[in-house]
Amino acid sequence: MIAVLSAAVAAAQLAAPARPAAYVPPPIVSTQPVGAARTLFAWMPGTVACDGMTVAPVAMRRPLTSLAWSGADGTRTVTYRFRIDAAGRPLSIARDVGGYNIQTEDIAPSLAASRFPAGVARADCAITYTTRSTPLAEAPVADLMSYSITPMTGALPRAGWDRIMPVGTSCRTDPPPRILLRAYPNFLAFPPTPGVRGWSMVGYDLDARGRPIRVRTVGGTGNPALDTASVKAVAASRFTPGARAGCLYPYWQNPATIAAPPLPDRVGTVDTANRCPAGDWSYRPAPIYPQPWHRRAIEGWAVVAFDVAPWGDIGNVRVVASEPGADFGMEALRLLRGARKPVSATGHVGCVERIHFVMKAKAPAPADPVVTDD
């Protein structure tokens with residue numbers, strides 16, 4: 001019956017005169033809440049407590065800010081648990097179980113880039129982050145500058161630049177001054193900051209010949225060497241003639257790599273050097289370096305245990321340990337769950353795989369699977 005009806009419909013269509021179909025445009029769907037305005041969204045770190053005692057950080061790195069809409073989300077909190085080794089480094093960073101929260105991907109990496117007093121290892125540490133959402137017209141200028149250096153969720157809107165630019169600036173007047181020579185600092189002359197993209201915002205005016213004058217640092221991450229080199233670079237730059245006031249230009253430097261902590265030979269009762277005699281992988285998905293950790297140049301590793309069926313399927317996959325955060329273990333799980341081993345007579349139980357996540361400049365540990373930032 002279905003075939004007959006289909007044939008009849010087709011015959012009717014052939015017999016009928018062709019008509020151009022009216023174009024119906026797709027509906028416009030907006031994610032902007034009604035009456036909302038753009039805001040600068042941030043997760044603000046709270047007090048750190050280890051074993052019930054408050055621990056003051058030596059350097060607390062704030063998570064990177066993002067753009068949001070006012071009224072899209074109320075104030076929320078999220079808690080992370082970790083330990084601190086004797087060098088003052090946060091390790092074993094994992095988020096408490098909870099509901100969905102927006103823009104949390106940089107919380108764990110920013111905590112991993114933070115440092116606490118050295119000398120005593122601390123366990124059972126916790127920190128709670130609270131959301132802060134500020135209209136762009138009221139947001140701290142330093143935070144807006146920082147966002148412009150690492151725009152997590154799109155380019156900074158004009159309202160943000162209106163807040164950043166000095167009052168009465170003529171550097172945005174058409175036509176803007178054109179660059180004849182852009183000088184740059186010698187970034188190799190001073191070390192970058194581990195886990196932090198360093199930046200320096202330079203303010204300057206232009207004289208009638210297009211030469212920078214009154215060059216000064218107006219914001220940055222507090223690296224004196226970068227600030228000094230950035231001021232010298234702007235002073236050495238040249239522009240088309242025409243006096244201007246209130247100009248800005250940023251220089252930034254990629255973070256120094258934070259190496260993963262040593263991978264122990266044994267984690268609990270698991271020998272991390274254990275290998276199943278199942279031969280090479282017959283299939284393994286492409287590895288992915290967790291982007292938030294790559295952004296801060298933080299390396300890590302994961303130890304994953306699993307079983308292998310005789311037909312090569314991987315099962316019972318579980319993370320034995322991962323450092324400096326649980327995100328590396330989650331990526332290792334994804335990698336192993338989609339992999340296959342060669343067919344064998346009996347399969348294997350209790351296999352262990354060590355996976356290293358390293359930045360390109362680092363030499364990988366021999367014989368272990370490596371995920372690079374390629």
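Hydrogens, waters and symmetry mates play no part in the numbers below; they use all other heavy atoms, side chains included. Not measured: the values here are computed from a predicted model.
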| message | Test side chain to side chain donor-acceptor pair (under 3.5 Å) on T128 and T79; report intermediate values, then the result. | response | CA-CA 4 Å; T128 297; T79 299; 2.8 Å; yes
| query | Can you find a pair of side-chain heavy atoms, one from V215 and one from Y249, that are under 4.5 Å apart? | reply | no
Counting only heavy atoms not in [X], do more than 12 fall under 6.0 Å of its [atom1]?
X: R158; atom1: CZ; result: no
X: D265; atom1: CG; result: no
X: M44; atom1: CE; result: yes

With the threshold set at 4.0 Å, does a side-chain nitrogen-carboxylate oxygen contact exist between [X] and [Y]?
X: R61; Y: D106; answer: no
X: R284; Y: E353; answer: yes
X: D51; Y: R122; answer: no
X: E323; Y: R83; answer: yes

| field | For S237 against A183, the heavy-atom pair lying closest together | value |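 Looking at all heavy atoms of both residues, the shortest contact is OG-N, 3.1 Å.
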| request: List the atom of I288, the atom of F357, and the distance in Å for their closest heavy-atom pair. | output: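 Minimum heavy-atom separation between I288 and F357: O-CE2, 3.9 Å.
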| said: Regarding Y147 and T153, do their side chains bring together a donor and an acceptor under 3.5 Å, going by distance alone? | reply: yes
| Looking at V78, N101, I127, which one forms a side chain to side chain contact (heavy atoms under 4.5 Å, CB included) with I107? | V78
| Polar side-chain atom of R318 near backbone of N316 as donor-acceptor pair, under 3.5 Å |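 Yes, R318 side chain to N316 backbone: donor-acceptor pair under 3.5 Å.
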| query | Side-chain heavy atoms under 4.5 angstrom apart, residues restricted to Ile, Leu, Val, Met, Phe, Trp, Tyr: same cluster for W69 and L136? | reply | no
| message | Tell me which one of W199, Y184, F190 satisfies ring-ring contact (aromatic ring centres under 6.0 Å, His included) with Y251. | response | Y184
| said: Under 6.0 Å between ring centres: does that hold for W293 and F328? | reply: yes
| message | Walk me through whether D162 and R172 qualify under salt bridge (Lys or Arg N to Asp or Glu O under 4.0 Å). | response | CA-CA 10 Å; D162 288 343; R172 301 170 72 183; 2.9 Å; yes
| Atom pair CD1 (I355) and OG (S322), whose distance is rounded to the nearest 0.5 Å |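 These two atoms lie 11.0 Å from each other.
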